[in-house]
Amino acid sequence: MINERYNARESEPRWQRQWDDHAIFATKNDDPRPKYYVLEMFPYPSGRIHMGHVRNYTMGDVVARTMRARGYNVLHPMGWDAFGMPAENAAMANKVHPKSWTYANIATMKAQLKSMGLSLDWSREFATCDPGYYKHQQRMFVDFLAAGLVERKQSKVNWDPVDNTVLANEQVIDGRGWRSGALVEQRELTQWFFKISKYSDDLLSALDRLDRWPDKVRIMQRNWIGKSEGLRFNFGLVGAPEGFDTLPVFTTRPDTMYGPTFAAISPDHPLAKALAETNPQIAAFNEQCRKMGTSQAEIDTAEKLGFDTGIKAAHPADPSWHLPLYIANFVLMDYGTGAIIGCPAHDQRDLDFARKYGLPVIDVFKPLGSDESVQDTAFVPAKTETVQYVHWVGEPGVMTCEQAMARSLEIFERDGWGQREINFRLRDWGISRQRYWGCPIPVIHCEVCGVVPVPIKDLPVQLPDDIEFDSPGNPLDRHPTWKHVACPQCAGPARRETDTMDTFVDSSWYFSRFTDPWNTEEPTTRAVVDRMMPVDQYIGGVEHAILHLLYSRFFTRAMQATGHVGFDEPFRGMFTQGMVVHETYKTLDGTFASPAEIRILADGDNRQASLLDSGQPVEIGPIEKMSKSKRNTVDPDDIIGSYGADTARWFMLSDSPPDRDVIWSEDGVKGASRFVQRVWRLVSTLAPHLPAPGGKVDAANHPAAQALRVAAHRALSDILGGIDRLRFNTAVAKLYIYVGDLETMLANAPEGLAADPVLAAAAREAVDILVLLIAPMMPHLAEECWSTIGHSGLVSEARWPEIETGLLVSDSITLPVQVNGKKRAEVTVARDAQNPQIEAAVLALDAVKQALDGKPVRKIIIVPQRIVNVVG
RNA sequence: GCGGACGUGGCGGAAUUGGUAGACGCAAGGGACUUAAAAUCCCUCGAUGGCAACGUCGUGCGGGUUCGAUUCCCGCCGUCCGCACCA
């Protein structure tokens with residue numbers, strides 16, 4: 001039979017229709033089988049899907065389809081993280097309404113996702129900007145407020161004084177507003193906060209239970225929460241205004257209490273503010289400090305600035321020891337007490353500050369065996385390193401910093417001028433945003449009653465559609481009528497909160513909502529959410545390793561506290577995938593060219609690029625993350641249109657480990673496409689010669705058939721193992737090997753099967769297994785093959801066979817033999833051979849004798865089933 | 001600045017987590033089939049010495065632990081990600 005090439009363009013939509021028609025991916029909440037919840041981070045509807053989405057959703061789909069084939073009731077939903085700034089930017093730039101822009105994008109992207117052949121339950125789809133979704137989010141805000149998990153307090157924002165608007169950190173470029181170019185200032189606003197810090201300890205300790213999370217993510221979260229034990233004490237103040245007799249300070253390094261040469265407070269410290277009222281110089285200095293962005297990186301890298309207040313801080317251990325008190329721009333009001341002791345010898349920031357303002361430096365401890373004093377580099381050893389203490393609370397001595405810190409705490413507590421205190425770096429979560437396209441915060445401000453939550457029966461507080469984007473700022477705030485309402489308590493005149501919620505709130509509970517998105521009354525249905533959650537495997541980018549995951553963990557606890565769910569951890573398994581990167585191309589005039597605009601000619605190892613239309617040469621630049629600005633993106637539609645979804649999916653799984661970046665290349669896609677055809681050729685060649693499905697195989701006395709069965713079950717075991725560990729690239733490699741094995745064993749003589757029923761039965765089993773194994777990765781091709789080899793149902797609904805483990809062990813094994821750690825030979829022994837037998841066999845080898853060169857054997861190390869090392 | 005990762009042939013990577021370094025794929029070179037091309041198939045492919053058998057070196061750099069280190073420890077160098085209002 002002459003085989004036609006596999007035509008993905010014709011086949012893929014056909015199978016997608018079949019899946020849709022039979023609704024085979026619609027999950028039933030009352031299915032009695034064990035559940036498995038696979039979720040990929042839902043996309044922001046930016047316009048079109050990109051290759052990062054293709055990679056993310058392919059990985060999730062492989063897991064979903066694999067678990068389905070193993071008999072689980074798989075939940076694999078999809079939705080849209082639909083609120084956010086880009087919609088407002090588009091509204092300003094192109095005069096489109098954020099709502100229509102967003103929903104149009106969703107329609108486009110949904111069609112694109114559908115063309116990928118993902119096994120998604122679309123019946124559960126929602127967008128976070130649907131009032132039917134944010135209604136419940138507002139309800140939970142009200143519940144959290146009642147439960148004491150929400151509060152209002154002052155916090156800082158980036159303020160653009162020209163546009164009169166709040167800027168996001170990413171809108172501040174080199175300290176200036178991105179549109180106006182004005183110097184950005186810090187401004188204090190009263191804002192809403194979720195009290196995530198209430199859960200600091202729990203969020204930290206529960207990380208130990210998340211054993212199916214990457215270690216790096218858990219470490220990052222641990223550091224972010226930043227639990228530290230330290231000393232809290234008071235400086236006595238000399239020369240301070242009334243009411244400021246003492247200054248509370250927290251330090252994590254009590255062992256350096258005898259090394260400070262200054263004290264410093266934040267420009268936002270109450271004392272700094274009080275001083276500013278009477279001292280114009282201090283007011284000006286504080287003002288200058290506020291001309292700085294609010295991001296941590298900026299604060300850390302900015303030049304250290306200080307202002308000597310003239311006030312003296314008296315050391316609690318020796319009140320006659322006076323330190324100058326500064327106001328300093330690098331001291332944060334949010335952490336500890338907003339005041340620090342400056343110990344220049346052992347903190348680089350303090351040292352930079354001391355050098356700049358001519359303050360002394362006192363060495364508290366020195367490296368072992370050294371008498372050198374700190375010069376321009378602070379001495380900051382690991383806390384576990386042993387050093388010699390020369391100037392601290394006790395006698396000079398040799399110990400680790402940890403030991404000295406513990407001892408210092410004891411002494412200071414005993415002497416009664418300080419207490420041990422646990423502090424966390426984690427700050428409360430500020431959720432107020434002065435923007436339109438977000439979930440309205442459901443409270444009403446009444447002059448008489450104060451802050452009143454919107455009654456639950458009045459939810460949702462819906463965004464008005466009639467808004468204007470012709471000037472910067474929050475359109476909700478300047479809407480003529482929307483914010484004016486009657487107070488729910490006294491019915492007097494009142495106004496709505498015009499701030500909306502951080503979009504991280506939207507994405508902090510969508511996974512729970514997916515379990516019953518049809519419930520119009522409540523955010524969740526307890527019986528359902530408690531059974532379908534937690535998410536068994538969550539997959540998304542590393543960039544979300546801290547914030548999104550931490551907020552979701554907090555929000556789930558808050559939902560538990562308010563009775564919306566019965567568990568605290570939302571994600572049992574977590575996986576962070578790498579980015580999709582691509583070469584960049586620079587034209588002669590310095591602009592970037594897109595991959596679609598250029599042609600590459602390869603001459604040996606030399607690659608030359610030129611523009612398609614003009615023939616101008618193009619410089620091939622470094623490989624970078626796909627981005628619009630570098631123009632190195634590849635449109636998934638183009639790839640699916642020319643090669644098919646299966647090829648794109650296969651390529652995304654090949655080669656690179658999923659947690660690392662993958663380089664998109666035209667050659668790589670071609671290789672993937674070749675494999676699609678190779679599988680099709682193999683299966684369609686064999687199809688006419690295979691016996692009917694469902695027969696039994698007994699190949700015990702048939703070496704060729706037995707070899708086939710061994711290959712098939714080994715493939716089943718290896719590939720399943722690869723997918724379970726999410727090592728898709730190795731699973732792909734094993735599939736290449738398996739296809740190669742089948743080609744050698746079967747494809748050369750398919751006619752022979754007719755005369756050999758045992759071999760034919762084994763071949764049927766082996767080909768069935770091949771098709772089942774490729775199905776999670778290339779589902780359309782698999783369906784085409786499955787029907788070609790005579791199955792009536794869909795492979796997407798087929799169960800995987802049990803692995804016959806008996807086929808995986810052989811009677812003899814081959815061990816590498818080393819002499820003094822270098823491989824010199826191999827030896828084949830019975831699987832159950834005892835050590836003396838192995839030693840004898842090894843010492844009899846010529847290569848071993850030669851390598852020993854007459855030296856006596858000192859010992860022989862035998863690692864069972866692994867290796868033999870002869871030490872001479 | 002702080003925190004987290006990563007670094008192996010021409011390229012992406014594999015190595016059962018301390019046990020044969022380079023599986024599998026891509027690129028390249030040679031050959032078969034073809035009038036030709038495409039497609040497909042076969043062979044070679046870390047460096048170096050040797051006609052060969054085979055030997056030596058080799059996992060970013062420098063040290064260390066071990067019978068044995070890509071894997072563990074210490075110190076460098078380089079690249080990438082996050083830093084609380086991008087999502």
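Nucleic acid contact for Thr730(A): sugar-phosphate only, since backbone atoms but no base atoms lie under 4.0 Å from a heavy atom of the residue. Nucleic acid contact class of Gln348(A) (heavy atoms, under 4.0 Å, all strands): none. Within the nucleic acid shown, Ile299(A) has no heavy atom closer than 4.0 Å to any nucleic acid atom. Contact annotation for His548(A): no contact, since no heavy-atom pair falls under 4.0 Å across all strands. Note on Ser432(A): a base of the nucleic acid sits closer than 4.0 angstrom, heavy atoms only. As judged by a 4.0 angstrom heavy-atom cut-off over every strand, Ala545(A) is placed among residues making no nucleic acid contact. Within the 4.0 angstrom heavy-atom criterion, only backbone atoms of the sugar-phosphate kind lie near Gly84(A); the bases stay farther away. Residue contacts for Arg824(A): at a heavy-atom cut-off of 4.0 Å it reaches the sugar-phosphate backbone alone, with no base atom in range. Across all strands, Phe504(A) comes closer than 4.0 Å to base atoms (heavy-atom distances). Residue contacts for Lys822(A): at a heavy-atom cut-off of 4.0 Å it reaches the sugar-phosphate backbone alone, with no base atom in range. Within the 4.0 angstrom heavy-atom criterion, only backbone atoms of the sugar-phosphate kind lie near Arg674(A); the bases stay farther away. When heavy atoms are screened at a 4.0 angstrom cut-off, Val863(A) is found touching base atoms of the nucleic acid.
The side chain to side chain contact (heavy atoms under 4.5 Å, CB included) test applied to Ala545(A) returns Val217(A), Met220(A), not counting sequence neighbours. By the salt bridge (charged side-chain N to carboxylate O under 4.0 Å, His left out) test, Arg660(A) pairs with no residue at all, sequence neighbours left out. Checked against side chain to side chain contact (heavy atoms under 4.5 Å, CB included), Asp659(A) has the following partners two or more places apart in sequence or in another chain: Phe575(A), Pro657(A). In this view, Lys156(A) and Asp268(A) satisfy the salt bridge (charged side-chain N to carboxylate O under 4.0 Å, His left out) rule, not counting sequence neighbours. Among residues two or more places apart in sequence or in another chain, the salt bridge (charged side-chain N to carboxylate O under 4.0 Å, His left out) test is passed with Asp741(A) by none. Applying the salt bridge (charged side-chain N to carboxylate O under 4.0 Å, His left out) criterion to Asp646(A), with sequence neighbours excluded, gives no partner residue. Take His548(A) and apply the ring-ring contact (aromatic ring centres under 6.0 Å, His included) test, not counting sequence neighbours, and it matches Tyr538(A), His544(A).
For the C1' atoms, the distance from A27(B) to U44(B) is 14 Å, rounded to whole Å. Separating the C1' atom of C61(B) from that of C6(B) is a span of 16 Å, rounded to the nearest Å. Using C1' as the reference atom, G12(B) and C2(B) are 33 Å apart when rounded to the nearest Å. Comparing U65(B) with U70(B), their P atoms sit 16 Å apart, to the nearest whole Å.
Under a 4.0 Å N-O distance rule, the pair Arg218(A)/Asp215(A) qualifies as a salt bridge.
Taking atom CZ on Phe554(A) and atom C1' on A84(B), their separation rounds to 14 Å, with Å as the unit. Going from atom CZ of Phe651(A) over to atom P of G12(B) covers 12 Å, rounded to whole Å. Rounding to whole angstrom units, CG of residue Leu815(A) and P of U16(B) are separated by 17 Å.
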Tabulated below should be each protein N or O lying under 3.5 Å from an N or O of nucleotides 63-70 of chain B; please produce it.
residue	atom	partner	partner atom	Å
C67(B)	O2	Asn869(A)	ND2	2.3

Could I get a table of every N or O pair under 3.5 Å where one atom is in the protein and the other is in nucleotides 3-6 of chain B?
residue	atom	partner	partner atom	Å
G3(B)	O3'	Asn223(A)	ND2	2.9
G3(B)	O2'	Asn223(A)	ND2	3.0

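Each of Ala733(A) and Ala672(A) was assigned the nucleotide of RNA chain B with the nearest heavy atom; the assignment lying further toward the 5' end belongs to Ala733(A).
With a glycosidic angle no further than 90° from 0, G9(B) counts as syn.
In this structure, a donor-acceptor pair under 3.5 Å is absent between the side chains of Gln850(A) and Asp846(A).
Here U20(B) is the nucleotide among G25(B), U20(B), A39(B) with the atom lying nearest to any side-chain atom of Lys823(A).
Ser656(A) OG to Trp664(A) CH2: the interatomic distance, rounded to the nearest 0.5 Å, is 12.0 Å.
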Identify every side-chain donor-acceptor pair in residues 41-48 of chain A under 3.5 Å, counting partners at least two apart or on other chains, and give the distances.
residue	atom	partner	partner atom	Å
Tyr44(A)	OH	Ala87(A)	N	3.3
Arg48(A)	NE	Asp635(A)	OD2	3.1
Arg48(A)	NH2	Asp635(A)	OD2	3.2
Arg48(A)	NH2	Asp637(A)	OD2	2.7

Exercise answer: donor-acceptor pairs, residues 189-196 of chain A side-chain atoms, under 3.5 Å, sequence neighbours excluded:
residue	atom	partner	partner atom	Å
Thr190(A)	OG1	Gln154(A)	OE1	2.8
Gln191(A)	OE1	Gln434(A)	NE2	3.1
Gln191(A)	NE2	Ser155(A)	OG	3.1
Trp192(A)	NE1	Glu497(A)	OE1	2.8

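Other residues, nucleotides and ligands place no more than 12 heavy atoms under 6.0 Å from the CZ atom of Arg858(A).
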RNA chain B in dot-bracket form (Watson-Crick or G-U pairs under 3.5 Å, [ ] crossing, | inter-strand) is (((((((..(((......[....))).(((((.......))))).((((....))))..(((((..]....))))))))))))....
